Asker: 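Below are the structure tokens for one structure; questions will follow.
Note that the coordinates shown come from a computational prediction; the quantities given were computed from them, not determined experimentally.
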Amino acid sequence: MTENAAEIRKAELIERLIPELPALRACLGLSQAELAVKLDISRQSIVAIENHKRKMSWDTYLAVIFFFMSNEPTRKLLYERQLFTAELAEFLHVEAPRIA
């Protein structure tokens with residue numbers, strides 16, 4: 001994959017995740033502030049990202065994906081909504097975890 005193609009793919013993955021953030025947070029009963037603490041970013045950043053007023057960085061995307069993958073209820077949601085796929089695991093060079 002060329003560098004440009006990789007950047008385009010990253011942007012697509014980020015754009016697919018953003019609208020799902022409220023549902024993922026709700027699944028764990030987390031407020032924007034609580035998620036921000038877990039990701040070590042500001043609450044204002046979460047608000048701005050969810051409201052499409054700020055772009056999500058690739059680092060933040062990875063933090064979000066790995067945080068929600070580490071929790072069983074949201075891991076299932078990531079799979080159900082095809083936010084974490086075998087293709088993404090391959091792109092990240094990680095093994096796709098199994099879900100129960």
Asker: If you count heavy atoms of other groups shown closer than 6.0 angstrom to CD of Glu12, is the number above 12?
Answerer: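 Above 12, so yes.
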
Asker: Where do Gln82 and Arg16 land on the side chain to side chain contact (heavy atoms under 4.5 Å, CB included) test, with the steps shown first?
Answerer: CA-CA 9 Å; Gln82 298 184 345; Arg16 288 193 63 222; 3.8 Å; yes

Asker: Enumerate the salt bridge (charged side-chain N to carboxylate O under 4.0 Å, His left out) contacts for residues 40-55, please, sequence neighbours excluded, ordered by first and then second residue.
Answerer: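 Of all non-adjacent pairs touching residues 40-55, those that pass salt bridge (charged side-chain N to carboxylate O under 4.0 Å, His left out) are Arg25-Glu50.
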
Asker: State the NZ-CZ distance between Lys38 and Phe67, to the nearest 0.5 angstrom.
Answerer: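 Answer for the NZ-CZ pair, Lys38 versus Phe67, is 5.5 Å.
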
Asker: Starting at OG of Ser45, measure out to CG of Leu39 and round the result to the nearest 0.5 Å.
Answerer: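 These two atoms lie 10.0 Å from each other.
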
Asker: CG of Leu28 to CG of Leu35: how many Å apart, nearest 0.5 Å?
Answerer: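 Here the rounded value is 9.0 Å.
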
Asker: Run the numbers on Thr85 and Tyr79 for side chain to side chain contact (heavy atoms under 4.5 Å, CB included), then give the verdict.
Answerer: CA-CA 7 Å; Thr85 62; Tyr79 279 110; over 6 Å; no

Asker: Got a second to check how far Ile41's CD1 is from Gln32's CD, nearest 0.5 Å?
Answerer: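 One gets 10.5 Å once the value is rounded to the nearest 0.5 Å.
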
Asker: Side chain to side chain contact (heavy atoms under 4.5 Å, CB included) between Arg75 and Phe68: does it pass, once the steps are laid out?
Answerer: CA-CA 6 Å; Arg75 181 180 315 128; Phe68 286 124; over 6 Å; no

Asker: Distance from Ile65 atom CD1 to Leu88 atom CG, nearest 0.5 Å?
Answerer: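 So the CD1 of Ile65 and the CG of Leu88 are separated by 6.0 Å.
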
Asker: Under 6.0 Å from the CD atom of Glu90, do we count more than 12 heavy atoms belonging to anything else shown?
Answerer: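 Atom CD in Glu90 is not packed in, count stays at 12 or less.
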
Asker: For Arg81, give me all partners under side-chain contact (heavy atoms from CB on, under 4.5 Å), at least two apart in sequence or on another chain.
Answerer: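 Glu20, Ala23, Leu77, Leu83.
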
Asker: Rounded to the nearest 0.5 Å, what's the gap from CG on Leu13 to OH on Tyr61? Could you check?
Answerer: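 Spacing of CG (Leu13) from OH (Tyr61) equals 4.0 Å.
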
Asker: With sequence neighbours excluded, tell me which residues meet side chain to side chain donor-acceptor pair (under 3.5 Å) with Glu87.
Answerer: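 Residues passing side chain to side chain donor-acceptor pair (under 3.5 Å) with Glu87: Arg9.
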
Asker: Specify the closest pair of heavy atoms between Ala6 and Phe91, including all atoms of both residues, with the distance to one decimal.
Answerer: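 Closest approach of Ala6 to Phe91: O-CZ, 3.9 Å.
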
Asker: Where do Leu21 and Met56 come nearest, in terms of heavy atoms and distance?
Answerer: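 Where Leu21 meets Met56 most closely, the heavy atoms are CD1-CE, 3.8 Å.
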
